[in-house]
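To start, the structure under review is shown below, and the notes come after it.
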Amino acid sequence: NSIKAFAPATVANVACGFDIFGFAIEAPGDVVEIKKRDEPGVVITEITGDEGRLPRNAEKNAVTVVMLHLLKHLGIKDFGAEVVLHKNMPLGSGMGSSAASAVAGVVAMNELLGNPLTRQELLPFAMEGEKIASGSAHADNVGPSLLGGFVVIRSYNPLDIFTIPIPDDLYCTLVHPDIEINTKDARFILRNEVSLKNTIAQMGNVAGLVAGLMKADYDLIGRSMVDVIIEPVRSILIPEFKEVKQAAIANGALGCSISGSGPSMFALSKGKANAESAGVAMQQKFADAGIESSMHVSAI
Ligand code: HSE
């Protein structure tokens, strides 16, 4: 009998919180099916939705790398499993695509083994999948995909990660323009040095966003969705970035920025109606420039 696991798309960074903030949306998400087989070895029998682009070798694909790490950690040898991955989001989209596969993979394997580890304990394994896919073991996609909600990573070493309460009426609009950005490249172009002035501005916004979310202060959330460090560098990779952002805010959103490493852009809004009108306006700006896009509106 086979086990199925779903892991949702995520928005990482959330404007000011590079590598430390992320939240899960309801859909889309990847699905992994796994079943035991008699011969030893974890094998990928099918991947749908990737146009044949992801590696089929279990040691190279995030969905199975996480399983191999988990089996090794538990000291289980010669275990046999067949894995099917249904990719329900584009690669290189900034929607946490590789993270969703890694999380669905590790959750499915853990369940097949009778759930020896808790969700929290699965996190380091999911991060190994992210490392293989994007070259860095950041947790701001795998964390929320695994734990749900809005996640803060206070520290990577040691790992200190937790969720914070957010307002009930907070909606996310995610607009994916039909272009691709590789996370490795989008990390490579970042500068390693940050000025004191920008550090102060970013810390103020990080504090403001956490306080705004926890106090359900929508104006404060909007004022804090400002990124003076990463967005100015990465936004040059996204055509119409400024226009799309302005359109979101002019049409009901509290704030708008790059989702993860892009090219998807996300907006946060109070209420579903605002999230939808912001999204329509964002898509229109891309369309005006001849760029097709898809939109997802979701409660957080
Ligand atoms: N925090 C990561 C980055 C997320 O921005 O590179 C990648 O999706």
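One-based numbering, in listed order, for ligands and for the atoms of each. Every value quoted in this text rests on a predicted model; they were computed, and no experiment measured them.
Taking the six-membered ring where tryptophan is involved, the planes of F150 and F23 are essentially parallel, since the angle between them stays under 30° and well short of 60°.
More than 12 heavy atoms of other residues, nucleotides or ligands lie within 6.0 Å of CG in D160, so this atom counts as buried by the packing criterion. Heavy atoms of other residues, nucleotides or ligands lying less than 6.0 angstrom from CD of E59 number 12 at most.
Here D168 does not pair with K270 in a salt bridge; the nearest charged N to carboxylate O distance is not below 4.0 Å.
Using a distance-only test at 3.5 Å, with no hydrogens or angles considered, a donor-acceptor pair links the side chain of S259 to the main chain of G94.
Protein residues with a heavy atom under 4.0 Å from ligand 1 are A12, N13, F18, D19, H138, D140, N141, T183, R187, R234, G260, S261.
Sorted by first and then second residue, the side chain to side chain donor-acceptor pair (under 3.5 Å) pairs involving residues 96-110 (not counting sequence neighbours) are D30-S101, K87-S97, K87-S101, S98-E130, N110-N115.
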